[in-house]
Amino acid sequence: MSLLFFYMNNYSLQNISEKVLGKKRITVEEGLWLYDNLDIASLGKLAHSVNMGINGAKVYFNRNIHIEPTNICVNHCLFCSYRRRKGAEGSWEYSIDEMLAMAQNAIEQEPGLTEFHIVGGVHPDRGLEFYIDLISALHKAHPKIHIKAFTAEEIVQMYKLDAVPLEKGIKALRNAGLMSMPGGGAEIFDPGIRRKICPDKISADEWLNVHETAHKLGIPTNATMLYGHYDTMKHRLAHLERLRELQDRTGMFNAFIPLKFKAANNKMSHLGEVSIIEDLKTFMLTRIFLDNIPHLKAYWPMLGIDQTLLLLHFGVDDIDGTIADTTKIYSMAGGKKQPAMSSHELINFIKQNQRTPVERDSIYNTVKIYS
Ligand code: V47
């Protein structure tokens with residue numbers, strides 16, 4: 001940034017802090033200034049106060065299971081450690097009966113389970129019909145459990161395979177029992193980096209359009225960002241700006257989840273992983289910049305529980321759920337092996353950090369406060 005630019009805009013910690021603490025929106029340039037000039041402690045203090053203003057001492061978690069219907073995928077994302085070709089060793093494609101059995105098993109292990117989180121590969125020939133049958137079967141067997149399912153990428157594949165218009169496709173899933181959507185597939189919106197790391201994926205505009213369409217149909221969603229590869233803070237803030245702009249129009253994003261690039265067993269392994277300092281700064285700036293999405297989630301199976309708890313002091317208010325040991329997306333990329341945490345453990349961890357554990361449902365209604 002040139003000195004003249006700096007002078008003209010009169011950036012200073014005092015000016016920007018006053019804006020943030022006065023609940024005024026900051027620009028991408030101001031976010032970058034904070035990133036370049038502010039020490040971790042001051043940035044953390046700002047992010048913490050923003051979170052306290054939105055969520056107070058509450059830290060949210062839920063009881064969920066991840067169901068990953070398949071890892072067979074038509075896309076060739078370079079960061080993915082999980083994708084396999086159809087028929088290749090290590091590939092899976094569960095039948096609806098197998099997934100019903102997984103759900104049943106999870107409920108027996110965790111009777112208070114409230115969510116099925118369903119995300120998988122973009123299968124070459126499983127279209128809308130298959131997934132409507134899956135959702136209907138799960139919903140019929142467990143009507144009280146919230147079904148949060150499918151990334152925008154999976155939805156686009158479904159409606160294309162069955163030649164159904166997007167809105168009609170989402171409506172059909174909603175009528176079958178889909179209640180909300182997770183935030184995956186957003187990766188990074190910058191077109192150059194997006195082409196480089198996930199050349200077959202839908203564009204940022206298409207991703208945003210699927211979420212906007214879901215919002216219009218009354219389906220709340222989450223949003224993610226894959227960071228820590230070729231991206232810089234400028235790309236991250238530009239990504240957040242597009243989400244902030246859509247949220248101004250719909251107000252239907254519940255949570256934002258920064259996903260740290262994990263480098264094991266994929267075609268971007270040579271990049272390695274960014275430091276914990278970069279993680280902290282990314283989460284802090286996200287909380288400061290993204291003033292209209294209420295919840296900032298640190299996904300513990302990816303970051304590890306220690307780093308997740310540290311982030312509670314720097315803007316994070318949600319640590320996702322108990323998960324059972326059902327997600328492989330991160331364990332295959334070098335995240336925690338077989339992630340599972342009992343609700344008792346999550347509650348104790350939150351309390352040890354002088355915060356109030358709040359068990360939530362998928363759309364942030366309170367199930368129980370553990371004061
Ligand atoms: O979009 C894949 C990411 C996402 C890697 O909405 C990787 O509550 C890091 O969307 N390193 C899918 N990340 C997971 C997802 C998600 C997870 C948790 C909570 C929610 C929610 C959504 O996983 C993909 C991609 O960005 N991913 N490979 C990797 N090597």
Side-chain angles (χ1 to χ4, degrees), residues 60-62 64-69 71 73 75-83 114-122 146-156 179-189 193-194 197-198 200-202 204 207 210-211 214 219-231 236 239 243 252-274 279 282 293 295-304 308 316 318-323 326-336 339 360-364:
Y60 295 92
F61 72 96
N62 73 346
N64 63 351
I65 175 189
H66 281 220
I67 299 177
E68 296 174 354
N71 65 343
C73 189
N75 292 342
H76 303 80
C77 302
L78 276 68
F79 53 79
C80 184
S81 316
Y82 155 98
R83 178 242 178 218
T114 57
E115 175 184 280
F116 298 138
H117 171 123
I118 309 173
V119 167
V122 181
H146 183 107
I147 301 182
K148 173 172 126 216
F150 311 131
T151 62
E153 192 68 33
E154 290 168 276
I155 297 224
V156 167
M179 297 163 197
S180 68
M181 278 170 56
E187 318 314 357
I188 193 90
F189 289 153
I193 303 181
R194 197 172 179 85
I197 68 172
C198 46
D200 321 303
K201 271 213 160 117
I202 56 173
W207 188 96
V210 173
H211 281 257
I219 299 172
T221 72
N222 288 340
T224 59
M225 171 176 72
L226 180 70
Y227 73 92
H229 39 88
Y230 297 103
D231 55 314
R236 292 173 211 159
H239 184 103
L243 292 172
M252 294 279 281
F253 282 120
N254 275 331
F256 179 72
I257 310 122
L259 295 170
K260 174 190 182 132
F261 166 63
K262 301 296 288 177
N265 308 317
N266 56 55
K267 293 202 168 85
M268 286 164 40
S269 297
H270 60 283
L271 295 179
E273 290 175 16
V274 294
D279 295 331
T282 301
I293 298 189
H295 303 288
L296 177 61
K297 188 191 283 191
Y299 186 53
W300 68 262
M302 180 181 61
L303 292 167
T308 300
V316 162
D318 189 301
I319 61 174
D320 205 79
T322 45
I323 295 179
T326 44
T327 175
K328 297 203 183 71
I329 297 180
Y330 297 103
S331 53
M332 288 167 83
K336 183 142 178 39
R360 60 165 175 83
D361 68 9
S362 306
I363 49 172
Y364 291 86

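Note that ligands are numbered from 1 as they come in the structure, with each ligand's atoms numbered from 1 the same way.
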>> With a heavy-atom distance limit of 4.0 Å, tell me whether V119 approaches ligand 1 through its side chain, its backbone, both, or neither.
In response: neither
>> Looking at non-hydrogen atoms alone, which of E115, H117, K262, E273 comes nearest to atom 11 (N) of ligand 1?
In response: K262
> Can you list the ligand 1 atoms lying under 4.0 Å from a non-hydrogen atom of K260?
Replying inline: 9 (C), 11 (N)
> Can you find an N/O atom of E187 closer than 3.5 Å to an N/O atom of ligand 1?
Replying inline: yes
> Just which atoms of ligand 1 are under 4.0 Å from any heavy atom in N222?
Replying inline: 6 (O), 8 (O), 21 (C)
> Can you name the residues that form a salt bridge (Lys or Arg N to Asp or Glu O under 4.0 Å) with E153, not counting sequence neighbours?
Replying inline: none
> Going by the order shown, which atoms of ligand 1 are within less than 4.0 Å of some heavy atom of G185?
Replying inline: 1 (O)
> What part of K297, side chain from CB on, backbone N/CA/C/O, both or neither, has a heavy atom under 4.0 Å from ligand 1?
Replying inline: side chain
>> So, 4.0 Å and heavy atoms of K148: is ligand 1 close enough to count as a contact?
In response: yes
> Which part of Y299 is near ligand 1, with near meaning a heavy atom under 4.0 Å away: side chain, backbone, both or neither?
Replying inline: side chain
>> Are L78 and H229 packed together at the side-chain level, in the sense that at least one heavy-atom pair is separated by less than 4.5 angstrom?
In response: no
> What atoms of ligand 1 come closer than 4.0 angstrom to any heavy atom of N266?
Replying inline: 30 (N)
> Nearest heavy atom to atom 2 (C) of ligand 1: which of Y227, F79, W207 does it belong to?
Replying inline: F79
> Nearest heavy atom to atom 10 (O) of ligand 1: which of A186, S269, G184, A264 does it belong to?
Replying inline: G184
>> Under the rule for side-chain contact (heavy atoms from CB on, under 4.5 Å), what residues qualify as partners of P182, not counting sequence neighbours?
In response: H117, V119, K148
>> Using a 4.0 Å cutoff against the non-hydrogen atoms of F261, which atoms of ligand 1 qualify?
In response: 9 (C), 11 (N)
> Numbering the atoms of ligand 1 from 1, which are under 4.0 Å from a heavy atom of L259?
Replying inline: 3 (C), 4 (C), 23 (O), 26 (O)
> Evaluating non-hydrogen atoms only, which member of L226, T221, D318, T224 is closest to atom 13 (N) of ligand 1?
Replying inline: L226
>> Using modelled atom types and a 3.5 Å cut-off, is there a donor and acceptor pairing between side-chain atoms of D320 and backbone atoms of Y299?
In response: no
> Is there a side-chain contact between T308 and V316 (heavy atoms, below 4.5 Å)?
Replying inline: no
> With a 4.0 Å cut-off on heavy atoms, does T151 reach ligand 1?
Replying inline: no
> Would you say M225 contacts ligand 1, with heavy atoms under 4.0 Å as the rule?
Replying inline: no
> If you measure from each non-hydrogen atom of I257 to ligand 1, which part falls under 4.0 Å: side chain, backbone, both or neither?
Replying inline: side chain
> Ring centroid separation for H295 and Y60, is it under 6.0 angstrom?
Replying inline: yes
